[in-house]
Asker: 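Next up is a structure, given as structure tokens.
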2 protein chains.
Amino acid sequence: MLEQRDRAHRSPINLSEAIIPGLCAGCGARHIGLCDALADEDLHFLASVARQTTVARGHSFAIEGDSARYFFNINAGTARLHKDLPDGRRQITGFVGPGDFVGLAADDRYTFSAEAIEDVRLCRFDRTELRGVFSRFPALERRLLDVASHELIVAQEQMLLLGRKSAIERLASFIDGWSRRAILCGGGTDSLRLPMTRTDLADYLGLTIETVSRALSALRKQGVIEVTPDHNISVVRPHALHDIARAGA
Amino acid sequence: MLEQRDRAHRSPINLSEAIIPGLCAGCGARHIGLCDALADEDLHFLASVARQTTVARGHSFAIEGDSARYFFNINAGTARLHKDLPDGRRQITGFVGPGDFVGLAADDRYTFSAEAIEDVRLCRFDRTELRGVFSRFPALERRLLDVASHELIVAQEQMLLLGRKSAIERLASFIDGWSRRAILCGGGTDSLRLPMTRTDLADYLGLTIETVSRALSALRKQGVIEVTPDHNISVVRPHALHDIARAGA
DNA sequence: ATCCCGCCTTGATCGAAATCAAGCATTACC
DNA sequence: GGTAATGCTTGATTTCGATCAAGGCGGGAT
């Protein structure tokens, strides 16, 4: 592993970070994990199809309808994926962070837009050349199938949320899920950093900012969460939160 | 192709139908398409991990929470995939027909239930043994990744529908999509068979049966569709329907 | 410091869809 | 044939979340 990291540093991009994101060791499904020994020629090959870039907060690195040339792996920061209706209505389909992939759900053209909500560092792959990567690293394709399957599970859970849950249940579900993700990624269990605005939350949960605000207040008044002055959240009663999220399971 | 079909008939299951569903030749993404020549030993191997079954209307062949032993390929009939909340609220995440796969979005346990809404014929694979199938037929894994990607696109489109569209836009979107699917599958463009009930439609679109009924009436009054006496639909003005679905794009 | 602007919260009112309710059509079953 | 069950439609009323509106807070620019 360390030997591999050394080798990676010799290549133009930091492959150990790009291909084997080390930040979230506990996240399981969110990593490629090309952990086998890599020959130098393999590294050069990977470096030839990948490229590390930085995207500043507020900027998009994929736009719905554009030709889908690239596939991305997030190394640092948070981005939102969204779809828009012509009249401005917006649905955020997910937030992605370190270790996550962007571009799996793409045809010829992107069917979503991706925008950095914090400064984002990412690794960019040419999608055509990625095919070649697959034949050289079959484990990668296997891994991507697992990732895609997992994303399908998450997407279906979100359909249940959007189709059938009340406003307060949606907020509880989101905070519950987000805090589990934070815990898995090694974050402390006390304060939960929310990099997205209330508008983002509303567009993710199919609500308006006012309803999001009211639902958060309701959860606060019930003593389930606390809202910090900087608009972050701390979960006071995780079990109660989970019960609300699952509609009293 | 014909030679392959002949060979398939020698095996215990009808592989040409099960693995290469022939019913919907125009559907593209929905087929595995193991179109390369198959050796006899390959056929025997496939037959050893697959099994053809019939599921009667109203019966489930996968239940949320159960150990996810099997992966399915639908050969005939229609099924609904759904998730339920403890208090009875239900979200249908999709309808599947000939050529579709069920069980991609599964972990250790099913995260959805699958129920036949017509008599269904399907081909059942043991998910553990499927891993072995992958190493023998790498093209299959590639194909499943494509299928999973396509399902992700559809799921995200459905999130936009559930999170941001009005009742009438949801109905228009559904009918538009369903009719395109029917046309691709070689169906006539005139009458559109809806194998699902209004309740299913409501649970798919995040509405109630009354609202579904009213939205259909509204579309009918606008001269966009006609509702046949047997509750099927015929699309009178496809372009207008599409415009409503895309919120006046 | 002061102003402005973006972001959030809370209150008042409105509206789209849910709920409640009634009735009709078709099919299933005795 | 009669009757119950199932599924669909339409009308009346209610409700939850959207919309409209006002005000607070904090950070950045001048």
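In the text below, chain A, chain B and the rest are named by the order of the sequence lines, each starting its count at 1. Predicted, not measured: the structure shown is a model, and the values here were computed from it.
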Asker: Calculate the interatomic distance between Leu162(A) atom CG and dG17(D) atom P; express it in whole Å.
Answerer: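 Distance check: Leu162(A) CG to dG17(D) P gives 13 Å.
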Asker: Rounding to a whole Å, what distance do you find between Leu171(B):CG and dC8(D):C1'?
Answerer: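 In whole Å, dC8(D) C1' lies 14 Å from Leu171(B) CG.
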Asker: Ignoring hydrogens and angles, state whether a donor on the side chain of Arg214(A) or Thr211(A) is under 3.5 Å from an acceptor on the partner side chain.
Answerer: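 Looking only at side-chain atoms, Thr211(A) and Arg214(A) do not form any donor-acceptor pair under 3.5 Å.
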Asker: Under 4.0 Å from any atom of DNA chain D, heavy atoms only: list the residues of residues 217-226 of chain B that qualify, in numerical order.
Answerer: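 Within residues 217-226 of chain B, the residues near DNA chain D are Ser217(B), Arg220(B).
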Asker: Ile117(B) CD1 to dT6(D) P: how many Å, rounded?
Answerer: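 Answer to the nearest Å: 18 Å.
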Asker: Look at all strands and tell whether Thr197(A) reaches a base, only sugar-phosphate, or nothing, counting heavy atoms closer than 4.0 Å.
Answerer: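 Sugar-phosphate only.
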Asker: Considering the options Glu115(A), Arg80(A), Arg90(A), which one meets the side-chain contact (heavy atoms from CB on, under 4.5 Å) requirement together with Asp200(A)?
Answerer: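 Considering Glu115(A), Arg80(A), Arg90(A), a side-chain contact (heavy atoms from CB on, under 4.5 Å) with Asp200(A) is found only for Arg80(A).
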Asker: Looking only at heavy atoms, what is the nearest atom pair of Val120(A) and Gly77(A), with distance?
Answerer: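 Closest heavy-atom pair between Val120(A) and Gly77(A): CG2-C, 4.0 Å.
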Asker: Apply the side-chain contact (heavy atoms from CB on, under 4.5 Å) test between Phe61(A) and each candidate in Thr54(A), Val102(A), Thr53(A); give the one that qualifies.
Answerer: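 That would be Val102(A).
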Asker: Rounded to the Å, how far apart are Asp200(B) CG and dT6(D) C1'?
Answerer: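 Distance check: Asp200(B) CG to dT6(D) C1' gives 13 Å.
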Asker: Would the distance check show the side chain of Gln91(A) and the main-chain N or O of Gln158(B) forming a donor-acceptor pair, the cut-off being under 3.5 Å?
Answerer: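 Side chain of Gln91(A) to backbone of Gln158(B): no pair is present.
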Asker: Taking atom P of dG7(D) as reference, at what distance in whole Å does atom CG of Leu201(B) sit?
Answerer: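 Roughly 14 Å, once rounded to whole Å.
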Asker: Passes side-chain hydrogen bond (donor to acceptor under 3.5 Å, both in side chains), Arg220(B) versus Ser217(B)? Steps please.
Answerer: CA-CA 5 Å; Arg220(B) 187 166 40 77; Ser217(B) 295; 3.2 Å; yes
Asker: Indicate the ring-plane relationship of Tyr70(B) and Phe72(B), choosing parallel, tilted or perpendicular according to the 30° and 60° boundaries.
Answerer: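 It falls in the tilted class, 30° to 60°.
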Asker: Let me have a per-nucleotide readout for nucleotides 17-22 of chain C, 5' to 3', with B, S or -, counting only protein heavy atoms under 4.0 Å.
Answerer: SSBB--
Asker: Can you tell me the distance, in whole Å, between the CG atom of Leu205(A) and the P atom of dC16(D)?
Answerer: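 Result: 19 Å.
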Asker: What integer distance in Å separates Ile233(B):CD1 from dC8(D):P?
Answerer: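 The distance from CD1 of Ile233(B) to P of dC8(D) comes to 11 Å, rounded to the nearest Å.
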Asker: Ignoring hydrogens and angles, tell me if any N or O in the side chain of Arg246(B) forms a donor-acceptor pair with the backbone of Leu85(A) under 3.5 Å.
Answerer: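 Not at all, since once roles are kept as given, no pair shorter than 3.5 Å links the two residues.
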Asker: Let me know the distance between CD1 of Ile209(B) and P of dG11(D), rounded to the nearest Å.
Answerer: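 These atoms are roughly 16 Å apart.
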Asker: What residue among Asp203(B), Asp84(B), Asp87(B) forms salt bridge (charged side-chain N to carboxylate O under 4.0 Å, His left out) with Arg164(A)?
Answerer: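 Exactly one option meets the salt bridge (charged side-chain N to carboxylate O under 4.0 Å, His left out) with Arg164(A), and it is Asp203(B).
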